[in-house]
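What follows is a single structure, written as structure tokens, with notes after it.
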Amino acid sequence: MAKKNDEAFVKEITKMEDDFPQWYTDVILKTDLVDYSPVKGFMVIKPYGYAIWENIQAYLDKRFKATGHKNMYFPLLIPESLLNKEKEHVEGFAPEVAWVTHGGKEELAERLCVRPTSETIICEMYSRWLKSYRELPYLNNQWCSVVRWEKATRPFLRTSEFLWQEGHTLHETAEEAQAETLQMLEIYREMAENLLAIPMVAGIKSEKEKFAGAHATYTIEALMHDGKALQSGTSHNLAQHFTKAFDITFLGRTGELENPHHTSWGVSTRLIGGLIMVHGDNRGLVLPPRVAPTQVVIIPIAQNKEGVLDKAYALKKKLEEKGLRVDIDDNPNYSPGWKFNEYEMKGVPVRVEIGPKDIEKNQAMVGRRDTLEKAPIALDGIGDSVVNLLDEIHENLLLKARTHRDAMTFTFDSYEEFVEKMASQAGFAKGMWCGDPECEAKIKADTAATIRCMPFEQEHLGDTCHFCGKPAKSMVYVAKAY
RNA sequence: CGGGGUGUAGCGCAGCUUGGUAGCGCAUCUGGUUUGGGACCAGAGGGCCGCGGGUUCAAAUCCUGCCGCCCCGACCA
């Protein structure tokens, strides 16, 4: 394959290596994923960005339903008294909730919080419904938005309102709740790899980093191109913390009243931010094929020539018959060169060029976004060729991301070396940890990095804590995070 | 909430020092010619110069108060 040799460069997009945050802002605005709104911290998700979210939704919704979950919808507003019921929960969220204090001109007797998450309102309703162990498990999910009044916001990564799903389940036993918690985390991990082509580190959060009110929080953590981590999804085993606080009870098999065991789990539009920062390059977006709104764009060349457009539309139909999402750009006002650059910036995985010379040879030029390679492909059987190529692109992106992550994951011999490396190169630091919250606080104070998780895949790297020297409990990943 | 930066056409900017008809590039619109890596010609539209107050015959420009936005920290999906 002939590789395009000029240096990757797109007008108006800051180069990643010059200024990564500016690169990110340039990319999301220039590719029309989002726009800022008149309300600080609230973003507009434009059609191209929303289509990515719809693909994530479609994938997850199918997996949720296949594992027995049903969708519901709970109200946006939560009475203050409900929010206050679980002590750790309210302490965790109080600083960032938005309040509704008036209905029309009248002040409300009790102010209402705009949900920052829905455990409290859902538990209130579950407590009214649940009677018997025979009804369990409750396996529900809702797609909605939540509001957290953030002080520093960035589109997709941290906005005051964001779209997400939140699953909320009740189980008869602790074992079942734990199994559910891990099952949903695993679905997230698979989704990240199979749909987004992002390799994740899965593990458990430290006490300090876990969800407000949780017994245990499990997480998937991704490493961005600049070496910072992104918490990409969480699954909480809430044990009986909320079910006791909300007096959710059921008559058990032995005739005793019991509190059910409770889980919640969620992923948000933040995933889109991760997608951009893992795969993107100096030409803009690089979208993994399975989540890309448009998987193939067809660009007719010299389309005013007899037969070109007919061939192009026939090709579109052929590709769509293979189940592909295909666009054709036959706007005569833009040159092919302009279109090539445009769709590369927008990260469309595969471009097909078809012009008079191709038609003569019964072929089309097929280019791939990930490597920028371009080669002729025979029109006979082109559907299967493109399907295979899209799979190849997915695998290549996943491999590239994993290779990059592994290259940015390091071990260290001394605390000084850890501090120095964290300052100079970022990435995942891998080391043994004692489990002491004070040790964790010192790491953060010295490096601004946090313990991302204690991964399921443990390695024994020694017997003492790499950060303070006390006896070690488990291996941890430490990184600066978004 | 601390530190830094920045507000002039949709976007990117110049003009401000030394006050005197608000400009450039891209984008947009019209007509035509074009089309294998960001085409060309001709024409056109578009501005409370962030907001308020002041100085002045005259303010984008000088003085003053306020506000927004962005980035970096502390807090979080």
Side-chain angles (χ1 to χ4, degrees), chain A residues 2 4-6 9-14 19-26 29-30 32 35-41 92-97 116-117 145-166 188 205 208-212 217 219-222 229-236 264-274 283 299-305 308-309 329-345 351-360 363-365 367 372 374 376 444-445 448 450 480-482:
Chain A
K4 188 168 163 41
N5 55 14
D6 71 344
F9 167 72
V10 174
K11 279 195 281 199
E12 298 171 352
I13 293 180
T14 305
D19 185 347
F20 195 80
Q22 190 59 50
W23 168 84
Y24 179 81
T25 307
D26 288 351
L29 293 179
K30 304 256 149 64
D32 237 16
D35 200 0
Y36 295 100
S37 83
V39 186
K40 178 179 159 60
F93 282 103
E96 52 182 0
V97 292
T117 179
S145 75
V146 290
V147 169
R148 300 180 187 178
W149 215 262
E150 298 287 351
K151 285 166 185 162
T153 57
R154 306 195 60 198
F156 293 121
L157 300 174
R158 180 173 302 108
T159 46
S160 293
E161 180 189 18
F162 55 92
L163 302 180
W164 78 344
Q165 58 69 218
E166 46 180 328
Y188 290 157
K205 285 286 189 187
K208 184 173 175 296
E209 296 283 332
K210 75 180 187 186
F211 177 77
T217 290
T219 179
I220 49 172
E221 300 279 330
L230 186 73
Q231 179 173 309
S232 305
T234 46
S235 184
H236 315 292
S264 71
W265 27 273
V267 296
S268 73
T269 39
R270 169 180 270 191
L271 287 171
I272 299 172
R283 286 177 168 267
I299 309 217
I301 308 293
Q303 63 185 46
N304 54 337
K305 298 274 177 7
V308 170
L309 273 183
D329 188 341
D330 58 0
N331 186 335
N333 295 316
Y334 293 95
S335 69
W338 188 93
K339 291 174 186 174
F340 297 166
N341 283 288
E342 178 71 7
Y343 293 102
E344 277 169 10
M345 183 177 78
R351 179 181 73 237
V352 177
E353 304 163 25
I354 185 156
K357 291 178 205 163
D358 298 305
I359 293 168
E360 229 169 79
Q363 65 171 38
M365 293 299 291
L372 298 172
K374 176 164 145 176
K444 189 168 184 183
T450 48
K480 292 182 190 162
Y482 275 98

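A sub-4.0 Å separation between OP1 or OP2 of B/rA39 and a side-chain N or O of A/Ser335 is present.
Separation of the P atoms belonging to B/rG50 and B/rC29 is 28 Å when rounded to the nearest angstrom. Spacing of P atoms, B/rC70 relative to B/rC26, comes out at 29 Å, to the nearest Å. Taking atom P in both B/rC24 and B/rA9, the straight-line distance is 14 Å, to the nearest Å. Comparing the P positions of B/rC69 and B/rG31 gives a spacing of 41 Å, expressed to the nearest Å. If you take atom C1' in B/rG20 and the same atom in B/rC41, they sit 37 Å apart, rounded to whole Å. Using atom P as the reference point in both B/rU56 and B/rU61, the two lie 16 Å apart (nearest Å). Atom name P, nucleotides B/rG5 and B/rU21: the rounded distance is 32 Å, in whole Å. For the P atoms, the distance from B/rC62 to B/rC16 is 9 Å, rounded to whole Å.
A donor and an acceptor atom never sit less than 3.5 Å apart when one is taken from the side chain of A/Glu353 and the other from the base of B/rG37.
When Watson-Crick and G-U wobble pairs are counted only if both distances are under 3.5 Å, B/rU61 pairs with no nucleotide at all. Pair assignment for B/rG2 gives B/rC72, based on Watson-Crick or G-U wobble hydrogen-bonding distances that are each under 3.5 Å. Across all strands shown, B/rC67 is found opposite B/rG7 as a Watson-Crick or G-U wobble partner, with both distances under 3.5 Å. B/rG31 and B/rC41 make up a base pair, with Watson-Crick or G-U wobble contacts both under 3.5 Å. When both distances must be under 3.5 Å, the Watson-Crick or G-U wobble mate of B/rC24 is B/rG12.
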Take A/Tyr334 and A/Phe340, measure what ring-ring contact (aromatic ring centres under 6.0 Å, His included) needs, and give me the verdict at the end. CA-CA 10 Å; A/Tyr334 293 95; A/Phe340 297 166; over 10 Å; no
Working note: A/Thr14 + A/Asp19, criterion side chain to side chain donor-acceptor pair (under 3.5 Å); need CA distance, chi angles, decisive distance, verdict. CA-CA 7 Å; A/Thr14 305; A/Asp19 185 347; over 6 Å; no
Going through the checks in order, is the side chain to side chain donor-acceptor pair (under 3.5 Å) test met by A/Lys357 and A/Gln363? CA-CA 9 Å; A/Lys357 291 178 205 163; A/Gln363 65 171 38; over 6 Å; no
I'd like to know whether A/His236 forms a side chain to side chain donor-acceptor pair (under 3.5 Å) with A/Ser264, so could you lay out the CA-CA distance, the side-chain angles of the two residues, the decisive distance to 0.1 Å, and finally the verdict. CA-CA 5 Å; A/His236 315 292; A/Ser264 71; 4.5 Å; no
Polar-atom pairs under 3.5 Å, protein N or O versus N or O of nucleotides 28-30 of chain B: list them with distances, or write none.
unit_1 : atom_1 : unit_2   : atom_2 : d
B/rU28 : OP1    : A/Tyr334 : OH     : 2.6

Tabulate protein N/O versus nucleotide N/O from nucleotides 72-77 of chain B, keeping only pairs under 3.5 Å, one per line.
unit_1 : atom_1 : unit_2   : atom_2 : d
B/rC75 : OP2    : A/Lys444 : NZ     : 2.7
B/rC76 : O2     : A/Arg158 : NE     : 2.6
B/rC76 : O2     : A/Arg158 : NH2    : 3.1
B/rC76 : N3     : A/Arg158 : NE     : 3.2
B/rC76 : N3     : A/Arg158 : NH2    : 2.2
B/rC76 : N4     : A/Arg158 : NH2    : 3.2
B/rA77 : O3'    : A/Gln231 : OE1    : 3.4
B/rA77 : O3'    : A/Gln231 : NE2    : 2.3
B/rA77 : O3'    : A/Arg270 : NH1    : 3.4
B/rA77 : O2'    : A/Gln231 : O      : 3.2
B/rA77 : O2'    : A/Arg270 : NH1    : 2.5
B/rA77 : N6     : A/Thr159 : N      : 3.2
B/rA77 : N6     : A/Thr159 : O      : 2.5
B/rA77 : N3     : A/Ser268 : OG     : 3.3

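When distances are taken from the side chain of A/Pro332 to each of B/rC71, B/rA39, B/rU34, the shortest belongs to B/rU34. Comparing B/rG38, B/rU35, B/rC70 against the side chain of A/Asn304 picks out B/rU35 as the nearest.
For A/Trp338 and B/rG38, the CH2 to P distance is 13 Å, given to the nearest whole Å. Rounded to whole Å, the distance from NZ on A/Lys40 to C1' on B/rC1 is 11 Å. Taking atom CG of A/Leu29 as the reference point, atom C1' of B/rG10 lies 13 Å away to the nearest angstrom. The separation between A/Tyr24 atom OH and B/rC71 atom C1' is 15 Å, rounded to whole Å. One interatomic measurement links the two molecules: CG of A/Asn341 to P of B/rA27, which rounds to 13 Å at whole-angstrom precision. Atom-to-atom, CZ of A/Arg351 to C1' of B/rG38 comes out at 12 Å; the value is rounded to the nearest Å. The nearest whole Å value for the distance from the OH atom in A/Tyr36 to the C1' atom in B/rC71 is 10 Å. The separation between A/Lys374 atom NZ and B/rG36 atom C1' is 6 Å, rounded to whole Å.
The existence of a salt bridge linking A/Lys40 and A/Glu150 is excluded, since no basic side-chain nitrogen approaches an acidic carboxylate oxygen closer than 4.0 Å. Comment: A/Lys151 does not engage A/Glu96 in a salt bridge, judged by the lack of any side-chain N to carboxylate O separation of less than 4.0 angstrom. Salt-bridge annotation for A/Arg351 and A/Glu344: present, with a side-chain N of the basic residue lying under 4.0 Å from a carboxylate O of the acidic one.
Between A/Trp164 and A/Phe162, the ring center distance clears the sub-6.0 Å criterion. Residues A/Tyr482 and A/Tyr24 keep their aromatic ring centres 6.0 Å or farther apart.
Residues A/Ser268 and A/Leu163 are not in side-chain contact: their nearest non-hydrogen atoms beyond the backbone lie 4.5 Å or more apart. At least one side-chain heavy atom of A/Ile359 sits less than 4.5 Å from a side-chain heavy atom of A/Ile354.
The two residues A/Val352 and A/Ala364 come nearest to each other via the heavy atoms CG1-CB, 3.7 Å.
In this structure, A/Gln22 reaches neither bases nor backbone, as no heavy-atom distance under 4.0 Å exists between it and the strands shown. Looking at heavy-atom distances under 4.0 Å, A/Gly266 makes no contact with the nucleic acid at all. Among the atoms of the strands shown, none is found under 4.0 Å from any heavy atom of A/Lys339.
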